[in-house]
**Q** 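Dumping the structure here so I can ask a few things about it.
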Amino acid sequence: MSLVQILTIGIPCVIALVVALRQTRRRAHPLPPGPRPLPLLGNALQIDTKRPWLTYTVWEKIYGKLMYTSLLGIDMVVISSETIARELLDKRSAIYSDRPVFRTSELAGLDFSSALLPYGETLQRHRKIMHQVMRADAAISYREIYSRHANELVVNLLNTTIDPYQHVHLCMASLIVAITYGHTANMDATLTGVSELADVAKRVLTPEKAALFTAFPFLEKLPAWCLGGDYALLGHSKELSRQILNEPFDEVKGQMAEGTASKSLVADFLSQADGDTDEYMMKCIALTGYLAGTETSASAVYTFIMAMALYPDVQARARAEINKVVGHDRIPSIDDRASLPYLDAILYEVLRWCPPLPLGIAHVTSKDDIYNGYFIPKGALIVVNQWALSRDEDTYPDASRFDPNRHLTAEGQLKVRVFNHFVFGNGRRICPGRSFAENSVWTVIVTILSVLQIDHARDPDGNRIEIKPEFTHGAGIHPEPFRCSFESVNTTREGQLRAMMNLK
Ligand code: HEM
């Protein structure tokens with residue numbers, strides 16, 4: 001028998017065998033339980049498209065903490081248990097670390113983002129640099145930048161009775177830009193550009209938007225403007241992304257050459273760079289940090305403010321702890337953190353009460369797997385329903401209540417010594433910016449509590465304007481708009497803070 005004959009007969013046999021084995025594997029091990037799918041559509045029509053985590057949380061009660069659902073032919077496994085998330089995403093990370101491909105990310109020029117990279121060599125190199133510049137001790141070294149921005153926020157909020165979201169967002173956005181690039185002449189232009197890019201990312205990086213190009217690939221050949229809607233943004237976004245990747249980075253490089261660069265992630269990176277250093281990669285990481293870190297951190301601060309207005313007893317206890325530990329005439333710094341367990345408990349509770357990314361960022365399996373007798377196919381989307389974790393009544397009784405005590409022992413110490421919150425994800429894709437997030441948000445909340453009393457705003461007749469603890473929808477969430485009032489409760493600290501900012 002010739003080689004060609006062997007191949008002609010052999011290859012189909014091998015393929016048939018592999019397919020048969022796969023089918024057998026599927027048959028031998030059922031998919032995890034889940035709602036009955038419709039042909040082609042799967043469970044797409046049964047899901048609350050604005051807040052899918054609510055549907056998955058209801059289904060969890062019926063089908064369990066490991067659930068299978070199918071969306072327009074895509075396999076999806078939803079995990080509603082921290083233990084299962086760790087078993088799969090941490091312990092079997094070799095299989096569970098890939099990301100879904102969004103066709104729109106390339107078309108919008110967003111495919112540079114570390115968060116969207118498939119698992120592989122490039123991602124590993126990104127993560128190595130991220131670890132180098134964002135690890136816990138590096139994050140602490142930016143304490144001065146956290147305090148400066150926290151002080152600015154307090155001054156902006158003082159004596160206002162407004163919806164604080166714009167101030168909070170600007171504070172966290174400029175804090176992250178300052179950490180990433182330091183002082184640059186074009187900081188405002190950078191901020192505007194990156195905010196615009198983040199907005200496009202939110203609008204086009206959804207499975208539904210990406211699916212259009214997968215179903216009709218010829219659409220990619222058309223000019224973006226003739227597609228209309230959010231698709232019209234794709235071309236502009238690609239140009240903007242190229243510009244924002246390069247301009248602030250090049251400015252820091254110029255400052256380094258002149259010896260005028262201030263402390264920043266990019267400056268730290270460039271000072272450690274050698275001949276093999278990949279500058280393009282650092283540009284991508286720098287911009288990813290902004291896109292991944294701003295809305296999430298701003299969400300946490302905004303949630304904190306709402307919780308303080310709704311739970312004055314928690315606010316009073318936190319302020320009492322600050323006064324007891326550091327006295328009445330100093331604002332605590334990150335160095336006091338270990339002595340202020342109630343403040344950490346508040347931070348834990350803020351992240352639990354409103355997880356900024358309620359479904360995290362989806363992982364994808366790179367191989368078939370079997371878990372607890374269930375078959376998990378290669379290529380399945382793996383989603384950890386953080387909302388379900390946050391509302392698990394067994395772990396968090398009366399879960400819709402904001403109660404920092406749940407994170408403390410009877411002696412008032414933190415139950416968990418290491419900050420290891422489920423909101424930061426799992427395994428090889430765990431959020432590399434978590435130490436930044438933790439330290440910056442902590443500094444902002446301790447500074448606010450040291451100086452400001454947060455209360456309900458009042459209407460012109462003096463009636464209290466009620467706040468409903470409700471959250472927005474989308475991939476990233478935060479409280480629905482609300483108004484509250486901010487008054488100084490400590491003029492010594494207020495004066496100190498103004499002096500630090502050289503304000504009267
Ligand atoms: C409260 C604030 C934050 C929350 C709740 C948060 C949450 C998350 C989550 C859930 C993921 C996906 C993890 C996974 O796939 O399992 C992630 C990824 C990521 N985060 Fe954060 N994050 C926050 C702040 C930040 C900050 C401040 C930065 C950078 C300065 C940052 C940078 C990143 C990056 C680069 C990734 C992608 C990692 C990868 O795909 O390998 N995040 N974050």
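We count ligands from 1, going down the list as the structure has it; atoms in each ligand are counted the same way. This structure is a prediction, so every number in the text was calculated from the model and none was measured. Hydrogens, waters and symmetry mates play no part in the numbers below; they use all other heavy atoms, side chains included.
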**Q** Does the side chain of Asn405 pick up a donor-acceptor pair with the side chain of Arg317 at under 3.5 Å?
**A** yes
**Q** Checking a contact table here: which protein heavy atom is nearest atom 13 (C) of ligand 1, and how many Å away?
**A**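 So the nearest neighbour among protein heavy atoms is Arg429 O, 3.2 Å.
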**Q** Distance under 4.0 Å to a non-hydrogen atom of Ser114: what atoms of ligand 1 satisfy this?
**A**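 Atoms satisfying the 4.0 Å criterion: 40 (O).
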**Q** Using a strict cut-off of 4.0 Å, indicate which atoms of ligand 1 neighbour a heavy atom of Arg99.
**A**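 Counting atoms of ligand 1 from 1, those under 4.0 Å from Arg99 are 12 (C), 14 (C), 15 (O), 39 (C), 40 (O).
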**Q** Can you see which heavy atom on Met67 is nearest to which on Glu60, and at what distance?
**A**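 Looks like SD-N, 4.3 Å.
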**Q** Tell me, do Val444 and His149 make a side-chain contact under 4.5 Å, heavy atoms counted?
**A** no
**Q** Just jot down the ligand 1 atoms closer than 4.0 angstrom to any heavy atom of His363, in number order.
**A** 14 (C), 15 (O), 16 (O)
**Q** If you measure every N/O of Arg428 against every N/O of ligand 1, is any gap under 3.5 Å?
**A**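 No: no nitrogen or oxygen of Arg428 is under 3.5 Å from one in ligand 1.
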**Q** Tell me the nearest of Pro355, Gly289, Gly427 to atom 30 (C) of ligand 1, using heavy-atom distances.
**A** Gly289
**Q** Taking heavy atoms and a distance under 4.0 Å, where does Arg127 meet ligand 1: side chain, backbone, both or neither?
**A** side chain
**Q** If you count the atoms of ligand 1 from 1 in the order shown, which ones are under 4.0 Å from a heavy atom of Met130?
**A**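 Counting from 1, the qualifying ligand atoms are 35 (C).
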**Q** Kindly indicate whether the side chain of Leu343, heavy atoms from C-beta on, has any atom under 4.5 Å from the side chain of Leu347.
**A** no
**Q** Got the closest protein heavy atom to atom 11 (C) of ligand 1, with its distance?
**A** Ile361 CD1, 3.8 Å
**Q** Could you list the atoms of ligand 1 found under 4.0 angstrom from a heavy atom of Thr288?
**A** 35 (C)
**Q** So is Lys468 actually on top of Phe482's ring, under 6.0 Å and inside 45° of the axis?
**A** no
**Q** Could you work out, with salt bridge (charged side-chain N to carboxylate O under 4.0 Å, His left out) as the rule, every residue matching Asp344, not counting sequence neighbours?
**A** Arg337
**Q** How about Tyr348 and Trp353: are their ring centroids closer than 6.0 Å?
**A** no
**Q** For atom 21 (Fe) of ligand 1, how many protein N, O or S atoms come closer than 2.8 Å?
**A** 1
**Q** Give a yes/no verdict on a cation-pi contact between Arg352 and Tyr396, requiring under 6.0 Å between NZ or CZ and the six-membered ring centre and an angle within 45° of the axis.
**A**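 Cation-pi check for Arg352 and Tyr396: passes.
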**Q** According to the interplanar angle, ranging from 0 to 90°, do the rings of Phe424 and His421 count as parallel (below 30°), tilted (30 to 60°) or perpendicular (above 60°)?
**A** perpendicular
**Q** For the atom pair OG (Ser264) and OH (Tyr181), what is the distance rounded to the nearest 0.5 Å?
**A**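 It comes to 9.5 Å.
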**Q** Side chain or backbone, does Ser297 bring an N or O within less than 3.5 Å of an N or O on ligand 1?
**A** no
**Q** Not counting sequence neighbours, which residues clear side chain to side chain contact (heavy atoms under 4.5 Å, CB included) with Ser81? List them please.
**A**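 Listed in chain order: Lys65, Thr83, Ile84.
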**Q** Name all residues meeting the side chain to side chain contact (heavy atoms under 4.5 Å, CB included) criterion together with Glu106; count only those two or more places apart in sequence or in a different chain, and write none if there are none.
**A**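 Here the qualifying residues are Arg103, Asp111.
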**Q** Could you tell me the residue and atom name of the protein heavy atom closest to atom 7 (C) of ligand 1, and the distance to it rounded to 0.1 Å?
**A**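 Nearest neighbour among protein heavy atoms for atom 7 (C) of ligand 1, to 0.1 Å: Val423 O, 3.4 Å.
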